[in-house]
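Along the sequence shown, residues carry numbers from 1.
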Amino acid sequence: RWVRVLIGERYGKVYDLTTGRFVYCYEGNSPLVTTTVTTTKPILLGSEDLEVRFTKDFAKMQIQLFCRACHARTVTRALVRERYRREIDPVSGRYVYRKLFGDGSASLDVPFLLGGEKWDLNDVAAWDEREVTYFFRRMGVLRACEGCGA
């Protein structure tokens, strides 16, 4: 265990933007270590791994991945809304989601790929208290009422 701690103190794990991989950098001063940067994990670490050192390159990559994931989620949910139609069931009065492809079957469950997002984002009647409060705060209405206890 203490060998792994010593190795962790001497090595750093950094993202290399030129190769697109993580590299291990030796930061000690031993004359026995000939290479200072390697792509292979030090053997003495075993199954454990080092914490990633956050550099500007790694931060750029993380921000890009987050933006791409948000865009992909938005596109996917828009495609789901195009391939399904929300109708009101005349018998139960509940919403039914009908496929516009395949057999055209209907389901009471919201399509899975929508996640927790509402079907119609602009339908104010479907908002809950948290969303209404957030909307009014963004408009600047609730700031004036915070001191009066309303």
Side-chain angles (χ1 to χ4, degrees), residues 1-2 4-28 36-42 45-150:
R1 174 89 179 123
W2 63 272
R4 290 181 181 151
V5 172
L6 289 176
I7 294 290
E9 290 175 356
R10 303 290 192 279
Y11 278 87
K13 184 177 179 182
V14 182
Y15 181 75
D16 184 15
L17 192 61
T18 57
T19 62
R21 299 178 66 183
F22 286 102
V23 294
Y24 295 89
C25 303
Y26 180 72
E27 299 167 345
T36 57
V37 176
T38 179
T39 57
T40 58
K41 182 173 70 168
L45 283 176
S47 62
E48 295 181 15
D49 203 359
L50 298 175
E51 292 289 324
V52 177
R53 299 246 172 105
F54 290 102
T55 60
K56 288 183 180 179
D57 292 338
F58 187 71
K60 289 176 191 175
M61 182 188 72
Q62 291 295 99
I63 291 170
Q64 284 179 341
L65 288 174
F66 177 74
C67 291
R68 289 178 183 162
C70 288
H71 178 69
R73 187 180 311 118
T74 303
V75 169
T76 302
R77 290 178 175 171
L79 288 173
V80 167
R81 286 187 180 96
E82 288 178 7
R83 303 297 286 170
Y84 284 84
R85 183 173 57 223
R86 186 173 76 166
E87 302 170 347
I88 295 179
D89 183 22
V91 176
S92 66
R94 295 177 58 192
Y95 284 115
V96 175
Y97 300 92
R98 184 170 305 279
K99 293 180 185 179
L100 298 177
F101 59 95
D103 60 351
S105 62
S107 172
L108 291 173
D109 299 325
V110 179
F112 177 75
L113 290 177
L114 278 183
E117 195 170 277
K118 298 197 179 335
W119 181 263
D120 185 6
L121 299 175
N122 297 323
D123 185 13
V124 181
W127 287 5
D128 60 1
E129 181 181 344
R130 181 186 54 82
E131 292 169 315
V132 172
T133 304
Y134 179 72
F135 173 76
F136 281 127
R137 283 187 189 267
R138 292 286 305 229
M139 297 301 293
V141 175
L142 288 184
R143 279 191 219 118
C145 296
E146 286 179 355
C148 64

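- Separation of atoms CZ (R98) and OH (Y84) is listed at 12.0 Å; rounding is to 0.5 Å.
- For F112, the CZ atom counts as loosely surrounded, since its 6.0 Å shell holds 12 or fewer non-hydrogen atoms of other residues, nucleotides or ligands.
- Between R94 and L108 the shortest side-chain heavy-atom distance falls below 4.5 Å.
- R81 contributes a side-chain N or O that, together with a main-chain N or O of W119, makes up a donor-acceptor pair within less than 3.5 Å.
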Atom pairs and distances, side-chain donor-acceptor, residues 58-73, under 3.5 Å, sequence neighbours left out:
none

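- Distance check, rounded to the nearest 0.5 Å: CZ of R86 to OH of Y95 gives 4.0 Å.
- The shortest side-chain heavy-atom distance between I88 and V96 does not fall under the 4.5 Å cut-off.
- Under the side-chain contact (heavy atoms from CB on, under 4.5 Å) criterion, V110 pairs with Y97, L114, sequence neighbours left out.
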